[in-house]
Participant: 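What follows is a single structure, and I will ask about it in a moment.
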Protein chains: 2
Amino acid sequence: MCHQCNYEELLSNAKLSATNNRIRVLEVVGNNSFPLSAKDIFNTLERNSSINRVTVYRILDLLVDHGVVERISTGGRAFYYGLAPNSHHEPHPHFYCMNCGQMDCLSPESLTVDMDDFIKTFPGQIEKMEVRIDGICKNCGNKQ
Amino acid sequence: MCHQCNYEELLSNAKLSATNNRIRVLEVVGNNSFPLSAKDIFNTLERNSSINRVTVYRILDLLVDHGVVERISTGGRAFYYGLAPNSHHEPHPHFYCMNCGQMDCLSPESLTVDMDDFIKTFPGQIEKMEVRIDGICKNCGNKQ
DNA sequence: CGTACGATGTAACATAATTGCATTTAGTGA
DNA sequence: TCACTAAATGCAATTATGTTACATCGTACG
């Protein structure tokens with residue numbers, strides 16, 4: 001999602017040591033303009049040099065815990081991962097293609113959500129909001 | 001979510017025969033004011049009389065396909081199920097407690113989403129929109 | 001009746017993610 | 001430099017959730 005981000009800096013800001021594997025995972029997540037599944041990320045990394053599937057899961061968990069990466073639920077069974085919102089990236093909604101599983105980022109302005117009233121009155125603690133559109137993407141629609 | 005709904009009627013409207021198991025599943029889904037996981041539904045049904053886990057999954061799939069029940073993704077690994085929006089039930093956002101897994105329905109007005117522009121310009125086919133807040137519910141927050 | 005088809009049960013399988021434990025790596029002080 | 005420690009990674013097994021294949025049951029209809 002970002003070529004302005006320095007991945008080692010993102011890690012050190014999050015108080016995480018910049019191991020080779022962490023940087024590799026973060027590069028894959030960050031250099032894509034759309035979120036990927038753990039499997040996508042693993043497969044991409046394996047093409048270059050070996051890494052363990054579990055290591056990928058663990059690094060993703062760690063990055064999510066430290067707010068570097070965002071875990072996004074889909075209309076399917078696997079989570080997808082993208083860079084967490086930060087000064088360069090506003091929170092934004094996603095589109096999930098129920099046919100091919102491709103997930104796309106939508107522009108922050110495409111869907112405006114007013115949650116001011118909600119925040120004022122909700123008795124629990126709010127961590128994040130997720131807005132997702134499910135449907136059939138342009139490509140899959142054309143094929144049918 | 002609804003005591004105004006006649007479950008046999010919902011089934012026949014969806015052109016589904018009203019088998020005992022379908023009615024039982026739909027009662028559990030419909031009589032709760034919050035969405036449940038397939039496991040929750042199965043456990044509840046098993047308390048009364050025997051039903052197979054797979055049957056529950058199949059009935060839920062069927063009801064989702066026919067628009068009677070809505071499949072809702074959570075911040076966790078399992079899907080949750082609630083009555084699909086209909087004349088008695090507007091679409092509405094949900095709150096998911098990352099600690100206890102409880103999912104609650106929020107009022108349709110609590111979060112207003114303007115997607116008019118998006119619908120006009122998006123090149124794919126839109127099936128549904130999901131808005132979910134993740135956080136810690138009041139109960140879990142008090143315990144900590 | 002009997003037959004045909006939809007509904008259900010059962011076991012096996014598939015997928016995504018997690019856990020336990022062994023091994024490797026990197027950093028730190030003697 | 002070496003030894004020690006803690007963190008990071010690898011590997012195998014396990015868990016959680018959901019799906020498939022196929023057998024059986026039940027019911028509507030000729």
Side-chain angles (χ1 to χ4, degrees), chain A residues 7-8 11-12 14-29 35-46 48-66 68-81 96 98 100-101 103, chain B residues 7-8 11-12 14-29 35-46 48-66 68-81 96 98 100-101 103:
Chain A
Y7 300 126
E8 301 194 28
L11 287 171
S12 70
K15 296 182 178 146
L16 292 171
S17 59
T19 68
N20 192 33
N21 282 338
R22 288 177 186 168
I23 292 174
R24 290 176 68 203
V25 168
L26 201 43
E27 277 175 354
V28 173
V29 172
L36 297 171
S37 68
K39 193 181 187 180
D40 291 334
I41 296 165
F42 171 68
N43 288 339
T44 306
L45 290 170
E46 273 281 297
N48 299 321
S49 75
S50 167
I51 189 172
N52 193 277
R53 203 170 55 88
V54 177
T55 302
V56 174
Y57 277 112
R58 275 195 286 236
I59 290 178
L60 287 170
D61 283 350
L62 189 77
L63 296 179
V64 169
D65 282 350
H66 286 73
V68 181
V69 160
E70 179 182 34
R71 175 181 283 127
I72 305 160
S73 66
T74 67
R77 285 178 58 183
F79 291 115
Y80 278 42
Y81 297 88
Y96 177 73
M98 297 157 72
C100 66
M103 181 168 256
Chain B
Y7 300 126
E8 300 194 27
L11 287 171
S12 70
K15 295 180 182 150
L16 292 171
S17 59
T19 68
N20 192 35
N21 281 338
R22 287 177 188 168
I23 293 174
R24 291 175 69 202
V25 168
L26 201 43
E27 276 175 354
V28 173
V29 172
L36 298 171
S37 68
K39 194 181 185 179
D40 291 335
I41 296 165
F42 171 68
N43 288 340
T44 306
L45 291 170
E46 272 281 296
N48 298 321
S49 75
S50 167
I51 190 171
N52 194 277
R53 200 173 61 91
V54 177
T55 303
V56 174
Y57 278 112
R58 273 195 289 236
I59 290 178
L60 287 170
D61 283 350
L62 188 79
L63 296 179
V64 169
D65 283 350
H66 285 72
V68 181
V69 160
E70 179 183 34
R71 174 182 283 125
I72 304 160
S73 67
T74 67
R77 284 176 58 182
F79 291 114
Y80 279 40
Y81 297 88
Y96 176 73
M98 297 156 72
C100 66
M103 181 168 256

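Just so it is clear: chains get the letters A, B, ... in the order the sequence lines come, proteins before strands, and each one is counted from 1.
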Participant: Side-chain N or O of B:Lys39 less than 4.0 angstrom from OP1 or OP2 on D:dA16?
Facilitator: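 Answer no for this pair, as no side-chain N or O of B:Lys39 is under 4.0 Å from OP1 or OP2.
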Participant: What's the spacing between A:Ser37 OG and A:Ile41 CD1 if we round to 0.5 Å?
Facilitator: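 That separation rounds to 6.5 Å.
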Participant: How long is the span from the CG atom in A:Asn48 to the CD atom in A:Glu46, to the nearest 0.5 Å?
Facilitator: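 It is 9.5 Å, given to the nearest 0.5 Å.
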Participant: Within a strict 4.5 Å, meaning less than it, do heavy atoms of the A:Ser17 and A:Arg22 side chains meet?
Facilitator: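 Sidechains of A:Arg22 and A:Ser17: in contact.
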Participant: Would you indicate which nucleotide in D:dT17, D:dC11, C:dT10 comes nearest to any side-chain atom of A:Arg77?
Facilitator: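 Side chain of A:Arg77 sits closest to D:dT17.
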Participant: Whole angstrom is fine here: how far is it from CZ in A:Arg71 over to C1' in C:dT18?
Facilitator: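 Atom CZ in A:Arg71 sits about 12 Å away from atom C1' in C:dT18.
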Participant: List for me each residue that meets side-chain hydrogen bond (donor to acceptor under 3.5 Å, both in side chains) alongside B:Ser50, sequence neighbours excluded, and say none if there are none.
Facilitator: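 Residues passing side-chain hydrogen bond (donor to acceptor under 3.5 Å, both in side chains) with B:Ser50: none at all.
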Participant: May I have the distance from A:Phe42 (atom CZ) to C:dT15 (atom C1'), rounded to whole angstrom?
Facilitator: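 From A:Phe42 CZ to C:dT15 C1': 14 Å.
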Participant: Nearest 0.5 Å please: distance from the CG atom of A:Asn21 over to the CG atom of A:Leu26.
Facilitator: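 Interatomic distance, A:Asn21 CG to A:Leu26 CG, rounded to 0.5 Å: 12.0 Å.
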Participant: B:Phe79 CZ to C:dA17 P: how many Å, rounded?
Facilitator: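 Atom-to-atom, B:Phe79 to C:dA17, this comes out as 11 Å.
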Participant: Looking at B:Arg53 and D:dG18, is any side-chain donor or acceptor paired with a base atom of the opposite kind under 3.5 Å?
Facilitator: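 Indeed there is one.
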Participant: Within the sub-3.5 Å range, which N or O atoms of nucleotides 7-9 of chain D have a protein N or O partner, and how far apart are they?
Facilitator:
unit_1: D:dA8; atom_1: OP1; unit_2: A:Ser17; atom_2: OG; d: 3.1
unit_1: D:dA8; atom_1: OP1; unit_2: A:Arg22; atom_2: NH1; d: 3.0
unit_1: D:dA8; atom_1: OP1; unit_2: A:Arg22; atom_2: NH2; d: 2.9
unit_1: D:dA8; atom_1: OP2; unit_2: A:Arg22; atom_2: NH2; d: 3.3
unit_1: D:dA8; atom_1: O5'; unit_2: A:Arg22; atom_2: NH2; d: 3.3
unit_1: D:dT9; atom_1: OP1; unit_2: A:Thr19; atom_2: OG1; d: 3.0
unit_1: D:dT9; atom_1: OP1; unit_2: A:Asn21; atom_2: ND2; d: 3.3

Participant: Table please: side-chain donor-acceptor pairs of residues 57-64 of chain A below 3.5 Å, with sequence neighbours left out.
Facilitator:
unit_1: A:Asp61; atom_1: OD1; unit_2: A:Arg71; atom_2: NH2; d: 2.6

Participant: Whole-Å distance between C:dT19 C1' and A:Asp61 CG?
Facilitator: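 Interatomic distance, CG of A:Asp61 to C1' of C:dT19: 12 Å.
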Participant: Could you tell me the separation between the OH atom of B:Tyr57 and the P atom of C:dC13, rounded to a whole number of Å?
Facilitator: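 So the OH-P distance, B:Tyr57 to C:dC13, works out to 19 Å.
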Participant: Measure the distance from CG on B:Asp40 to P on D:dA16 and round it to the nearest whole Å.
Facilitator: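 Distance check: B:Asp40 CG to D:dA16 P gives 14 Å.
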